[in-house]
Amino acid sequence: MPELPEVETIARVLRDGTGIYNTSIIGCQITGVHVLWARTLATPKPKGFIKQVIGQTVQSLSRRGKFLVFSLTDYTLLIHLRMSGDLRVESAQDENGKSRPFEKHDRLALEFNNGQRLVFNDMRKFGRAWLVKDSAKVLGGLGPEPLDKGLTHKIFFDMLHSRKRQLKPLLMDQRFLAGLGNIYTDEALHLAWLHPLALSHQVTREASGQLLDAIRCMLKEGIRRNGASIDRVYRGGDFQNHFRVYGRAGSPCPNCGTPIDRLVVSQRGTHICPQCQQLD
DNA sequence: CATCAACCCTGAGAGC
DNA sequence: TGCTCTCAGGGTTGAT
């Protein structure tokens, strides 16, 4: 469920030490590891992961698509939160100086030399972590960043026309564009007045530009509101209270008041205004 | 290349 | 109360 704005929010909080944790992890050296659920590690296996990651210092933290990218001294640590994953920073010890017990669904923890630890909590166990020398092995197939200024209206139009696919599954395909998930795709398509089943190669130049603008508008608003807090994962954001269509079946469209419809598109719950988003 | 379904998981909510 | 069933969803994989 975390999409680009939620992942961006987490990256900023962990990097800048603002928000709910008030501590940056940049410059911290990893002194210990707890692998609480082995399959969280996509690569390498727990033994190798622990051996390689201990002693590494966090040099920087960024985001690529929905991946968190931790640049370490000699490796790159990549984390994908998938559906229900979340990261938190806390003191490794409680008030009595004893090791702080882990919480339900904690899967992986990295302890730092300043007494803090980074904990990966993931109820549904879909999230994964990679420790690699070359991040391109994992990130290489991703499409462009939607907020990258280098992605021009012309390039985006050509991207749409080089495929013949329904808009919604295409926009959610991370090889096409990196960062959109179910929520922001529904929101952007509604803002652009486009139907999720419209075909990519039939989108006009004007509508293509409106779609790219709408995607950027929704992502920026999500980031400005610190992301959405849904699926029982609270990250401090409030974008969930400002959805146009997502999760609002039966409620009035913010444009025209027509009740929002819910349909299923490529196995995903999909929300549209049947008046504003017509299939022609 | 595009489409579709199954799979991985857990917990909430519905129905009985 | 407590059981069973259904659903949600990102990404991967394999079949068509």
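Chain A is the first sequence line, chain B the second, and so forth, proteins listed ahead of strands; every chain is numbered from 1.
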Chemist: Is there a side-chain contact between Lys125(A) and the phosphate of dT10(B), meaning an N or O under 4.0 Å from OP1 or OP2?
Modeler: yes

Chemist: Between Arg39(A) and dC9(B), is there a side-chain N or O to OP1/OP2 distance below 4.0 Å?
Modeler: yes

Chemist: Think His105(A) has a side-chain N or O under 4.0 angstrom from the OP1 or OP2 of dC9(B)?
Modeler: no

Chemist: Does Trp193(A), at its CH2 atom, have more than 12 non-hydrogen atoms belonging to other residues, nucleotides or ligands within less than 6.0 Å?
Modeler: no

Chemist: Just the rounded figure in Å: distance from P of dG11(C) to CE of Met172(A).
Modeler: 7 Å

Chemist: Would Asp106(A) and Arg88(A) count as a salt bridge (Lys or Arg N to Asp or Glu O under 4.0 Å) here? Give the steps.
Modeler: CA-CA 10 Å; Asp106(A) 283 348; Arg88(A) 68 174 192 276; 2.8 Å; yes

Chemist: Are Arg163(A) and dC1(B) close enough that a side-chain N or O sits under 4.0 Å from OP1 or OP2?
Modeler: no

Chemist: Judged by atom type as modelled, is there a donor-acceptor pair below 3.5 Å linking the side chain of Glu3(A) to the main-chain atoms of Ile183(A)?
Modeler: yes

Chemist: Is Lys104(A) near enough to dT10(B) that one of its side-chain N or O atoms lies under 4.0 angstrom from OP1 or OP2?
Modeler: no

Chemist: Whole Å only: how far is the CG atom of Leu78(A) from the P atom of dG11(C)?
Modeler: 14 Å

Chemist: With a cut-off of 6.0 Å (strictly less than), are more than 12 heavy atoms of other residues, nucleotides or ligands near NZ of Lys133(A)?
Modeler: yes

Chemist: Tell me whether the side-chain N/O atoms of His80(A) come closer than 4.0 Å to OP1 or OP2 in dG10(C).
Modeler: no

Chemist: Checking all strands, does Arg268(A) fall into the base, sugar-phosphate, or nothing category for heavy-atom contacts under 4.0 angstrom?
Modeler: base

Chemist: Could you state the atom-to-atom distance from CZ of Phe176(A) to P of dA2(B) in whole Å?
Modeler: 10 Å

Chemist: In whole Å, what is the span from the CZ atom of Arg128(A) to the P atom of dC7(B)?
Modeler: 17 Å

Chemist: Give a yes/no answer on whether the side chain of Tyr246(A) brings an N or O atom under 4.0 Å of OP1 or OP2 in dG9(C).
Modeler: yes

Chemist: Using atom CZ of Arg262(A) as one end and atom P of dG9(C) as the other, report the distance to the nearest whole Å.
Modeler: 6 Å

Chemist: Could you tell me how far apart Arg165(A) (CZ) and dT3(B) (P) are, to the nearest whole angstrom?
Modeler: 6 Å

Chemist: Within the structure, does a side-chain N or O atom of Arg175(A) lie under 4.0 Å from either OP1 or OP2 of dT12(C)?
Modeler: no

Chemist: Do we see a donor-acceptor contact under 3.5 Å between the side chains of His190(A) and Arg244(A)?
Modeler: yes

Chemist: Using the six-membered base ring of dG10(C), report whether Phe126(A) stacks on it, requiring centroids under 5.5 Å and planes under 30° apart.
Modeler: yes

Chemist: Can you tell me whether the side chain of Gln267(A) and the base of dA6(B) have a donor-acceptor pair closer than 3.5 Å?
Modeler: yes

Chemist: In whole angstrom, give the distance that lies between atom CD of Glu3(A) and atom C1' of dA8(C).
Modeler: 14 Å

Chemist: Distance check needed: dC7(C) C1' versus Met83(A) CE, whole Å only.
Modeler: 11 Å

